[in-house]
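For ligands, and for the atoms within them, numbers begin at 1 and follow the listed sequence.
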Amino acid sequence: MLTDFHVHLRPDSFPSEASEYFTAANAERYREAASERGIELLGVAEHVHRFTQSLDVWRHPWWERNAVDDLDAYCEFVRSQTDLKLGIEADFVAGREDRMANLLEARDWDYVVGSVHFLRDAAVDMDEWDVWESGDPEQVWRRYFETLGEAARSGMYDILAHPDLVKVWGRKRPLPEGDLRRFYDLAMDGIADADVAIEVSTAGLRKPVGEIYPAPAFLEMCLEAGKPVALSSDAHVPGQLGFEYDRAVEMLRSMGVTEIADFERRERRTVPLG
Ligand SMILES: [Zn+2]
Ligand SMILES: [Zn+2]
């Protein structure tokens, strides 16, 4: 079986109105594109910062600009007008764990996808609020993986999204030298202690880095720690569903992975891969 759970019903660009994209017809387009690619288990995970309720968690200026939709209306739409699983992509914001946990626990998700995009006020993957202006890749990578470990340990998430997102820019930003496992190690205690699935995401293949998230060496460490894999594309349009899945499946098979995770009402089960 194939899955795609980390999926957005609309592009990140503006305008990208809920009224235009949160429709039964748009959900049907996603379902059809998924079927064409052999993806049976399909869900959506909109960015939490698109919803006004996220401002109870954090008032970053970028969130304030984006938070216009109602979270409960989104949940209601997915449950009543689509046959898609209901998820959300919720940032890990250090120091705001309780507030985010409150937002998440009040709703009936199939799964929660946890992401680290921000290190304090700066983002690893945005031109605006660019963490890289502070330079030192050694420090940025260290902070990123420490934060990822905290995100896992928080227990808020079913899936840890794009686990080495910090590499997104590839050579367009400074890269640390040598064996990167010294960074992955910083996240591993938190990951090992958590009941969380590790996302294998083909989104990185569409980004400057041109690689699957996470790197094989990082995935290897997660598999050794006994963590299950959740396969997704981070699609923002139907055409990106299952993007380059052949490469992801090949990588997983080569590492001995034969099962992937499925989620319903925050219960996890495993299904055969492929
Ligand atoms: Zn993300
Ligand atoms: Zn996403």
**Request:** Indicate the ring-plane relationship of His47 and His8, choosing parallel, tilted or perpendicular according to the 30° and 60° boundaries.
**Result:** parallel
**Message:** Using the rule side chain to side chain contact (heavy atoms under 4.5 Å, CB included), only one of His162, Arg50, Glu46 pairs with Glu89; which is it?
**Reply:** His162
**Phe243 six-ring face occupied by Arg206 cation (under 6.0 Å, within 45°)** = yes
**Asked** Is any side-chain heavy atom of Ile260 less than 4.5 Å from a side-chain heavy atom of Phe5?
**Response** no
**Fill in**
Shell check on the Zn ion (ligand 2): protein N, O or S atoms less than 2.8 Å away are His6 NE2, His8 NE2, Glu89 OE1, Asp234 OD1
**Message:** Assess the residue pair Arg266 and Glu105 against the criterion (salt bridge (charged side-chain N to carboxylate O under 4.0 Å, His left out)); give the C-alpha distance rounded to whole Å, side-chain angles, the decisive distance to 0.1 Å, and a yes or no.
**Reply:** CA-CA 11 Å; Arg266 307 206 70 178; Glu105 281 162 16; over 6 Å; no
**Item:** Ring centroid separation Trp62 to His60 under 6.0 Å
**Value:** no
